[in-house]
Amino acid sequence: MSEVIRTVLGEVAPTVAGIVDSHDHLFLSTPLLPGEELADTDDAMTETLDFARRGGRTLVQWTPRGLSRGLPALRSISETTGVHIVAATGRHRRGVYPSGAPEFDLTVGQLADTFIDDIGNNGCGLIKVGISYEEVTADEGDSLRAAAIAHHATNTPIAVHLERGSAADLVLDFLLDESVPMNSIVLGHLGKNPDPDRIAEAAQSGAWLCLDAPSPRNPVSIEELSRTLGRLIDGGHSSQLLLGADTTTRSSSRPVRSAYGPAGLVDQVAPHLIRALGADALAGIMVGNPARAWSVRV
């Protein structure tokens, strides 16, 4: 067996992933953010080119099914820019979708089949599941079950949106019951949990920990991010850490892409973290770790 990263243009070797933005959105539309849709292909192209010019090599988009993830445009952008793009299948929490979204008419088996089809036929490389604040609702339990079925069929990693960094324990217990290995689970937004003990507890599981860089919608300071990463490194979790810009709105990122978004992650955040944590630590977080986190055995 060999390991590959599944991108919108096909499978690539993890060794070519380079600098990775492990959580972002080039395309996203949700009624939770009216008027803030990421829907402009030319704008997304410019965003990705800026990332590439600063040395970025791979971008992981977490936009799941039903939220205008833009798969055809992602392929065109990847072809033009040379940036590897990893796209998501999966299902977010119900409140993120328009009323009556068809994604919630599917049984667990049907949902799993759509995930598997996306992975096999549409070039998706992660299964995104959204979880509510401090609970896993019935819908979300179905999403996790479907994700587990699809994972076992394809080895694809499961990436979990934790609302405000909560409910990691519930998600991990749920997926453990479904026999999903911890090294196939990526916990998103964990750094937004204000309790460092809960972050440390989740880290003990062995799952991947994807933290968000500062942005207008994530007002954590770069100093706070550095401290959180430093505590996790000191706790022996350096090999589990990932970092993403998590661009979700047009107005808060596109006009200032040198400070935020994928380009800002490389241009602004990375130099500060090198000074705070060291070059080797950051190379692990943005190069070595994501090459392993987003790879699958085939």
Side-chain angles (χ1 to χ4, degrees), residues 3-5 7 12-24 47-62 81-86 125-126 157 159 165 183 186-193 196 199-200 202-204 206-215 218-247 253 256-295:
E3 291 196 349
V4 300
I5 296 175
T7 80
V12 301
T15 52
V16 306
I19 294 173
V20 182
D21 177 353
S22 280
H23 184 168
D24 224 314
E47 185 87 359
T48 309
L49 280 170
D50 285 350
F51 177 59
R53 289 180 184 126
R54 288 160 171 80
R57 192 73 181 109
T58 299
L59 186 147
V60 184
Q61 173 169 282
W62 285 41
T81 65
V83 171
H84 306 298
I85 297 177
V86 183
L126 69 144
N183 64 0
V186 182
L187 299 175
H189 307 309
L190 187 63
K192 291 184 177 180
N193 194 309
I199 296 174
Q204 292 294 333
W208 297 99
L209 317 173
C210 190
L211 278 69
D212 304 324
S215 72
N218 180 36
V220 63
S221 70
I222 189 66
E223 290 77 18
E224 290 174 287
L225 175 62
S226 298
R227 285 194 292 271
T228 300
L229 289 169
R231 282 194 296 266
L232 289 166
I233 291 169
D234 290 344
H237 304 294
S238 60
S239 62
Q240 298 165 241
L241 301 176
L242 308 170
L243 187 64
D246 190 31
T247 309
S253 62
V256 285
R257 54 169 56 93
S258 61
Y260 302 112
L265 188 68
V266 180
D267 213 29
Q268 300 294 323
V269 177
H272 182 99
L273 293 179
I274 288 172
R275 291 191 294 271
L277 306 172
D280 289 346
L282 192 70
I285 293 168
M286 295 192 71
V287 180
N289 293 349
R292 293 183 292 115
W294 303 115
S295 66

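Using a 4.5 Å heavy-atom cutoff, the side chains of I5 and T58 are not in contact. Looking at heavy atoms from C-beta onward, D212 lies in side-chain contact with H23 at the 4.5 angstrom threshold. Side-chain contact check for I233 versus L241: some heavy-atom pair is nearer than 4.5 Å. With contacts defined as side-chain heavy-atom distances shorter than 4.5 Å, the pair V269/L225 qualifies. At least one side-chain heavy atom of R227 sits less than 4.5 Å from a side-chain heavy atom of E223. A heavy-atom distance below 4.5 Å is found between the side chains of S226 and L273. Between L126 and V186, every side-chain heavy-atom pair lies at or beyond the 4.5 Å cut-off.
A side-chain donor-acceptor contact under 3.5 Å links R292 to the backbone of S239.
A distance of 12.0 Å separates CG in L59 from NE2 in H84, rounded to the nearest 0.5 Å. Residue K192 holds its NZ atom at 5.5 Å from CG of D246, rounded to the nearest 0.5 Å.
The heavy-atom pair separating L265 from A213 by the smallest distance is CD1-CB, 3.7 Å.
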* **Check against salt bridge (Lys or Arg N to Asp or Glu O under 4.0 Å), D50 and R53** => CA-CA 5 Å; D50 285 350; R53 289 180 184 126; 3.3 Å; yes

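Between W62 and W294, the ring planes are perpendicular. Angles over 60° get that label, and only those under 30° would be called parallel.
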